[in-house]
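Whatever order the structure lists ligands and atoms in, that order sets their numbers, starting from 1. The structure presented is a predicted model; accordingly, all values stated were derived computationally and were not measured. We count residues from 1, following the sequence as given.
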Amino acid sequence: MIDINEIRNDFPILSRKVNGHQLVYLDNAATTHKPRSVINALVDFYENHNSNVHRGVHTLSMEATDQFEEAREKISSFINSETSQSIIWTRNASESLNIISYSWGYKNISEGDEILLSPMEHHSNLIPWQELARVKGAKIKYLSLNDDGTLDLSNIDELMTSNTKLVSIVHVSNALGTINPVKELCEKAHQVGALFVLDGAQSIPHMLVDVQEIDCDFFVFSGHKMMGPTGIGVLYGKMEVLEKMDPVFTGGEMVLEVSYEKASWADIPMRFEAGTPNIADSIALGTAVDYLQNIGMDNIHNYEKTITSYGLEKFKELESEGVTLFGPKSSELKGAVFSFHIPGIHPHDLGTILDGMGIAVRTGHHCAMPLIRSLGVSATARASFYVYNTLNEVDLLIDGIKSTIRYFTDGSN
Ligand code: C6P
């Protein structure tokens with residue numbers, strides 16, 4: 001059992017008021033709040049250890065280097081990678097995916113090759129492959145979706161063939177909440193000789209992810225969606241794959257030997273980390289991992305399943321108002337993400353009215369424009385929960401939606 005009130009007390013921002021109401025923060029898929037320990041880690045670094053890493057023999061530089069590399073170790077054991085060398089610091093999941101595309105993709109994808117994606121990919125796991133395919137003359141194929149927002153794998157053997165060189169799939173959809181069967185997809189990809197990229201931006205904050213168990217070739221995520229700072233992300237790659245890749249960015253710290261004519265590359269991960277890295281935020285992401293592990297990823301996942309089940313029940317109360325909830329209707333298949341449409345009320349209007357009640361949701365296409373359009377709408381409202389949210393906040397959301405519908409129907413609320 002976890003004590004949600006105790007957890008909430010660790011997040012200073014959760015006690016603030018918005019528009020005269022207690023903040024109800026339901027935009028966790030966009031970014032999450034930071035516990036005091038993460039904020040303190042940033043302050044501690046700048047107040048006591050600030051220095052560049054891997055460059056100095058002085059005390060501060062060695063302290064900074066130790067903390068920075070310790071954070072890498074923490075990430076490595078958090079996702080159970082074979083070695084911390086497989087952990088490359090990036091700015092975010094988007095940058096990680098672009099590095100895979102520019103480095104691995106440009107070297108290994110040729111004309112006629114196929115890249116298989118799902119229809120629920122975030123733009124960050126779509127556009128890098130579209131660009132790669134355009135330049136190389138490769139082809140992008142898409143899995144199909146069932147009506148409930150899960151992947152239809154019935155035709156997978158027709159879609160995944162010896163032409164498929166790369167399969168890149170989101171672990172948990174930011175727009176539908178769908179939890180995808182990634183181990184199975186990864187196994188299938190390997191059977192046809194393709195590499196498997198897993199976008200973990202919405203899974204790693206909420207559940208235990210073991211990259212060796214899944215056997216993915218790459219795993220990417222962003223620190224800010226898992227209680228860490230913005231501006232720090234991770235690219236995990238299998239060593240045997242990373243070793244054959246060239247750097248995308250060149251410059252300081254990523255080289256072994258440099259002459260006026262040429263350069264040779266440093267070992268991994270430094271090869272992919274040109275220039276001064278984001279030291280403080282990497283260290284604070286390590287602190288976020290400590291915080292998550294202290295609660296326990298299984299505890300987080302189980303608690304959020306309770307929120308999902310409760311939310312699914314409560315949304316049924318809105319069916320008579322014509323409200324459509326997109327995505328799977330079971331907490332086994334879906335994370336605590338509720339994307340919905342109310343006929344006659346634009347999501348932006350709903351979002352603005354909810355904000356007046358102190359409730360923060362995201363409205364729009366959620367950087368998954370093709371998916372949202374395929375649902376027959378141009379935008380949805382999305383409420384996304386985290387471990388510090390309460391069941392009472394589900395009630396407040398549902399009440400807020402009901403009162404908005406009343407307001408649009410007869411002017412009352
Ligand atoms: N989704 C959302 O509100 P960045 O922006 O690089 O930290 O993460 C990109 C990204 C990649 N994959 C998935 C599945 C994501 O959900 C996101 C970010 C946010 O849904 C911001 S658009």
**OP:** Go through the steps to decide whether Phe219 and Val197 satisfy the test side chain to side chain contact (heavy atoms under 4.5 Å, CB included), and finish with yes or no.
**Re:** CA-CA 6 Å; Phe219 183 64; Val197 180; over 6 Å; no

Measure from every N or O atom of ligand 1 to the protein's N or O atoms and keep only the pairs below 3.5 Å, writing each with atom names and distance to 0.1 Å.
unit_1: ligand 1; atom_1: 1 (N); unit_2: His122; atom_2: NE2; d: 3.3
unit_1: ligand 1; atom_1: 1 (N); unit_2: Lys225; atom_2: NZ; d: 3.0
unit_1: ligand 1; atom_1: 3 (O); unit_2: Arg362; atom_2: NH1; d: 2.5
unit_1: ligand 1; atom_1: 3 (O); unit_2: Arg382; atom_2: NH1; d: 3.4
unit_1: ligand 1; atom_1: 3 (O); unit_2: Arg382; atom_2: NH2; d: 2.8
unit_1: ligand 1; atom_1: 6 (O); unit_2: Ser94; atom_2: N; d: 3.0
unit_1: ligand 1; atom_1: 6 (O); unit_2: Ser94; atom_2: OG; d: 2.5
unit_1: ligand 1; atom_1: 7 (O); unit_2: Ser222; atom_2: OG; d: 2.7
unit_1: ligand 1; atom_1: 7 (O); unit_2: His224; atom_2: NE2; d: 2.7
unit_1: ligand 1; atom_1: 12 (N); unit_2: Asp199; atom_2: OD1; d: 3.3
unit_1: ligand 1; atom_1: 12 (N); unit_2: Asp199; atom_2: OD2; d: 2.6
unit_1: ligand 1; atom_1: 16 (O); unit_2: Gln202; atom_2: NE2; d: 2.7
unit_1: ligand 1; atom_1: 20 (O); unit_2: Asn174; atom_2: ND2; d: 2.8
unit_1: ligand 1; atom_1: 20 (O); unit_2: Arg382; atom_2: NH1; d: 2.8

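- Taking the six-membered ring where tryptophan is involved, the planes of Tyr388 and Tyr386 are perpendicular, since the angle between them exceeds 60° and thus also 30°.
- Two residues are said to be in side-chain contact when any heavy atoms from C-beta on lie closer than 4.5 Å; Val24 and Val18 fail this criterion.
- Residues Phe408 and Ile342 have side chains not in contact (no heavy-atom distance under 4.5 Å, counting atoms from C-beta outward).
- Side-chain contact annotation: His122 with Gln202, donor-acceptor N/O pair under 3.5 Å absent.
- Remark: Arg16 engages no residue in a side-chain hydrogen bond (donor to acceptor under 3.5 Å, both in side chains) (not counting sequence neighbours).
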